[in-house]
Amino acid sequence: MADTHSHALGESIEMLSGGFDPEDECNLSNAALALRRLANDRNFLGDLLIEQLKQNHREGGHESGYGPQAIVLSPNMGSFFLRANIWPSEDEACFKASGAKTFVYGIPHDHNFSFLTAGYFGPGYLSDYYEYDYESVAGYKGENAGLRFVERSALTEGKLMLYRAHRDVHAQLPPESLSVSLNIMHVDPAKGWYDQYGFDLENDAVTGILNPTSTECFLRCAIGIGTEEALDFAEWVGKAHPSDRMRLASYEARSGLLDKAGRDALWRQAEQSGSIMLAAEAASRRAAL
């Protein structure tokens, strides 16, 4: 029988005081119970939103961490934080104004973190769910992903699901009417270096990396400025950085400073880098020259 007790937000956070570890069965069960009891409180989110609107976000703090879709419900608690997500239907004005991609509809993807989610309000978004073997994928565009279809289902009110990092892939579709989900997000700083991929379902292929970091942006800016120190560092990144994503960013940025012959020579060097992903991307860039 489903637990019918309800907890206020603070009580649910207290239940999670031991942290959130999605790979520990007992810990995961406790987190699922905390999320279910929060979802059973049918008033907390509406009350929170009204209170914030009254205060015009003057107090700041984690309660004011609002975006166009996500509402942050707790600070980073070390291994997790809580948030709510708003899922508009195709009839909503924000959907018509911003388009499906703003809400990640129709973009098949995995996640580089695990999270628990619960349907809180509305019929819930639809998803086509797949699984794949992350370790067998190098991550270059066009690579066969080996996706295995699981099901199509909706995140209905009261339904709990665990999204497993680097295993579950889903393509979300708009709900029939406005919906809201609650999430316990697992936090692991090291996961930022693991790639999140987009997928082409029709061709069962990787379309690219979806989680560029600020480190990549800084690197590209430094290379663009073109100081000797920056270029020396970029050369080291291209040859030896442990992240293939960073190595590719180094080659992409440096290629923008070169003429056609120079770009060809640089990408030829990348083809011999020892990285499957980098070699495949480099071959594609050379073919396009």
Side-chain angles (χ1 to χ4, degrees), residues 67 98-113 132-147 165-167 169 171 188-289:
S98 302
K101 289 186 177 180
T102 300
F103 304 98
V104 205
Y105 295 142
I107 304 176
H109 61 280
D110 69 348
H111 294 273
N112 63 340
F113 53 87
Y132 84 117
D133 182 5
Y134 178 79
E135 297 298 332
S136 69
V137 171
Y140 57 87
K141 293 178 183 177
E143 179 183 10
N144 180 265
L147 298 174
H166 305 306
R167 183 170 176 179
V169 172
D188 180 353
K191 291 294 186 181
W193 289 108
Y194 287 79
D195 296 331
Q196 178 190 15
Y197 298 126
F199 298 92
D200 176 350
L201 298 180
E202 183 176 349
N203 296 301
D204 189 16
V206 176
T207 60
I209 296 170
L210 299 183
N211 61 324
T213 66
S214 58
T215 305
E216 290 174 61
C217 180
F218 294 159
L219 177 66
R220 293 176 189 274
C221 289
I223 293 171
I225 292 172
T227 64
E228 183 176 346
E229 183 178 3
L231 294 176
D232 286 346
F233 179 70
E235 184 175 357
W236 172 84
V237 170
K239 290 180 178 178
H241 200 280
S243 168
D244 284 352
R245 185 174 62 197
M246 285 292 294
R247 297 176 71 184
L248 177 60
S250 169
Y251 279 102
E252 286 178 336
R254 284 183 289 157
S255 70
L257 304 177
L258 303 172
D259 59 18
K260 183 176 180 180
R263 291 197 298 273
D264 183 71
L266 184 67
W267 286 118
R268 187 183 298 113
Q269 181 187 104
E271 282 185 293
Q272 301 169 0
S273 65
S275 161
I276 296 174
M277 186 273 273
L278 191 53
E281 291 285 356
S284 175
R285 307 306 169 89
R286 288 189 67 208
L289 289 174

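Starting from 1, each residue takes its place in the sequence as its number. Hydrogens, waters and symmetry mates play no part in the numbers below; they use all other heavy atoms, side chains included.
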J.: Could Arg268 and Asp264 be called an ion pair, given the rule that one side-chain N must be under 4.0 Å from one carboxylate O?
T.: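 Yes, this pair counts.
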J.: Nearest 0.5 Å, please: how far is CD1 in Ile223 from OG in Ser250?
T.: 4.5 Å
J.: Is the closest side-chain heavy-atom distance between Ser275 and Arg247 below 4.5 Å?
T.: yes
J.: Does any part of the side chain of Ser255, heavy atoms only, come nearer than 4.5 Å to the side chain of Tyr251, both counted from C-beta?
T.: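 The answer is no; the side chains never approach within 4.5 Å.
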J.: Measure across Ser273 and Ala270 and return the closest heavy-atom pair with its distance rounded to 0.1 Å.
T.: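 Between these two residues, the closest heavy atoms are OG-O, 2.8 Å.
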J.: Enter the distance from Asp204:CG to Glu143:CD here, rounded to the nearest 0.5 Å.
T.: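 Rounded to the nearest 0.5 Å, the CG-CD separation comes to 10.5 Å.
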J.: Please tabulate, for the side chains in residues 226-238, all donor-acceptor contacts under 3.5 angstrom to protein atoms that are two or more places apart in sequence or on a different chain.
T.:
{"unit_1": "Thr227", "atom_1": "OG1", "unit_2": "Ala230", "atom_2": "N", "d": "3.2"}
{"unit_1": "Glu235", "atom_1": "OE2", "unit_2": "Lys239", "atom_2": "NZ", "d": "3.1"}

J.: Within this structure, what is the CG-CE distance for the pair Leu278 and Met246, rounded to the nearest 0.5 Å?
T.: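 Going from CG on Leu278 over to CE on Met246, the span is 12.5 Å.
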J.: Could you state the interatomic distance from CG (Leu258) to CG (Leu266), rounded to the nearest 0.5 Å?
T.: 6.0 Å
J.: Considering the options Glu216, His241, Arg285, which one meets the side-chain contact (heavy atoms from CB on, under 4.5 Å) requirement together with Leu248?
T.: Arg285
J.: Does Arg220 reach the side chain of Glu252, with side-chain heavy atoms less than 4.5 Å apart?
T.: yes
J.: About how many Å separate OG of Ser243 and CE of Met277, when rounded to the nearest 0.5 Å?
T.: 7.0 Å
J.: Verify the neighbour count for atom CD1 of Ile276: are there more than 12 heavy atoms of other residues, nucleotides or ligands below 6.0 Å?
T.: no
J.: When rounded to the nearest 0.5 angstrom, what distance separates CG in Asp133 from NE2 in His166?
T.: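 Here the interatomic distance stands at 12.0 Å.
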J.: Without placing hydrogens or testing angles, list every side-chain donor-acceptor pair under 3.5 Å for residues 191-201, not counting sequence neighbours.
T.:
{"unit_1": "Asp195", "atom_1": "OD1", "unit_2": "Arg245", "atom_2": "NH1", "d": "3.1"}
{"unit_1": "Gln196", "atom_1": "NE2", "unit_2": "Asp110", "atom_2": "O", "d": "2.6"}
{"unit_1": "Asp200", "atom_1": "OD1", "unit_2": "Glu202", "atom_2": "N", "d": "3.1"}
{"unit_1": "Asp200", "atom_1": "OD1", "unit_2": "Asn203", "atom_2": "N", "d": "3.3"}
{"unit_1": "Asp200", "atom_1": "OD2", "unit_2": "Asn203", "atom_2": "ND2", "d": "2.7"}

